[in-house]
**Q** 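This structure is in structure tokens; I'll ask about it shortly.
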Amino acid sequence: MTTRESTMRTSTYHLVVAPDGRAPEGSAPELAAVRLISLLPPGWRYSPEYPDGTLSLILEPPPGTTEEAAYAVLFRTLADPILRGWSWTNPPED
């Protein structure tokens, strides 16, 4: 891999969010996706899917975003009250 290729690589993150019992019954994962995506900073790319009543997102931050910065965005986004009732089911391990 050349230096140019390594600097152009971008990490992707797989985020799975599921209802945790605090949301109103029948809360749609599509609505959670719209809310979550609206909280992301500009430049993030996303691809949502909705398996079994959950939200599965493949996220790609803008080039140059460090892993630490990307996870800070994800933790901050999921802590927003607009996503009450939805929990991150596959957070990174410490």
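Because the structure is a prediction, the values reported are computed rather than measured.
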**Q** Please write out which residues are connected to Leu31 in a hydrophobic cluster, directly or through intermediates, given that two of Ile, Leu, Val, Met, Phe, Trp, Tyr count as joined at side-chain heavy-atom separations below 4.5 angstrom.
**A** none

**Q** Who pairs with Ser38 by side chain to side chain contact (heavy atoms under 4.5 Å, CB included), at least two apart in sequence or on another chain?
**A**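 Scan of Ser38 (side chain to side chain contact (heavy atoms under 4.5 Å, CB included), adjacent residues dropped) gives none.
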
**Q** Apart from Tyr46 itself, what residues make up its hydrophobic cluster when side-chain heavy atoms of I, L, V, M, F, W and Y under 4.5 Å apart count as a link, directly or indirectly?
**A**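 Reading the cluster by chain and number, Tyr46 sits alongside Tyr13, Leu15, Val17, Leu36, Ile37, Leu39, Leu40, Trp44, Tyr50, Leu55, Leu57, Leu59, Tyr71, Val73, Leu74, Phe75, Leu78, Ile82, Leu83, Trp86, Trp88.
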
**Q** Got Pro19 and Ser27 here, is their nearest side-chain heavy-atom distance under 4.5 Å?
**A** no

**Q** Applying side chain to side chain donor-acceptor pair (under 3.5 Å), name anything that partners Thr65, two or more places apart in sequence or on another chain.
**A** none

**Q** Could you report the tightest heavy-atom contact between Ala70 and Pro61, atom names first, then the distance?
**A** CB-CG, 4.3 Å

**Q** Would a 4.5 Å heavy-atom cut-off, applied to side chains only, mark Ser11 and Glu67 as touching?
**A**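 No, side chains not in contact.
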
**Q** Around Glu30, counting heavy atoms of other residues, nucleotides and ligands shown, do more than 12 lie under 6.0 Å from its CD?
**A**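 Yes, CD of Glu30 has more than 12 neighbouring heavy atoms, counting only those of other groups under 6.0 Å.
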
**Q** Among residues at least two apart in sequence or on other chains, which ones pass side chain to side chain donor-acceptor pair (under 3.5 Å) with Ser47?
**A** none

**Q** Ignoring hydrogens and angles, tell me if any N or O in the side chain of Thr89 forms a donor-acceptor pair with the backbone of Val16 under 3.5 Å.
**A**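 Yes, because the side chain of Thr89 sits within donor-acceptor range (under 3.5 Å) of the backbone of Val16.
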
**Q** Considering residues at least two apart in sequence or located in another chain, which fulfil the salt bridge (Lys or Arg N to Asp or Glu O under 4.0 Å) criterion with Asp20?
**A** Arg22

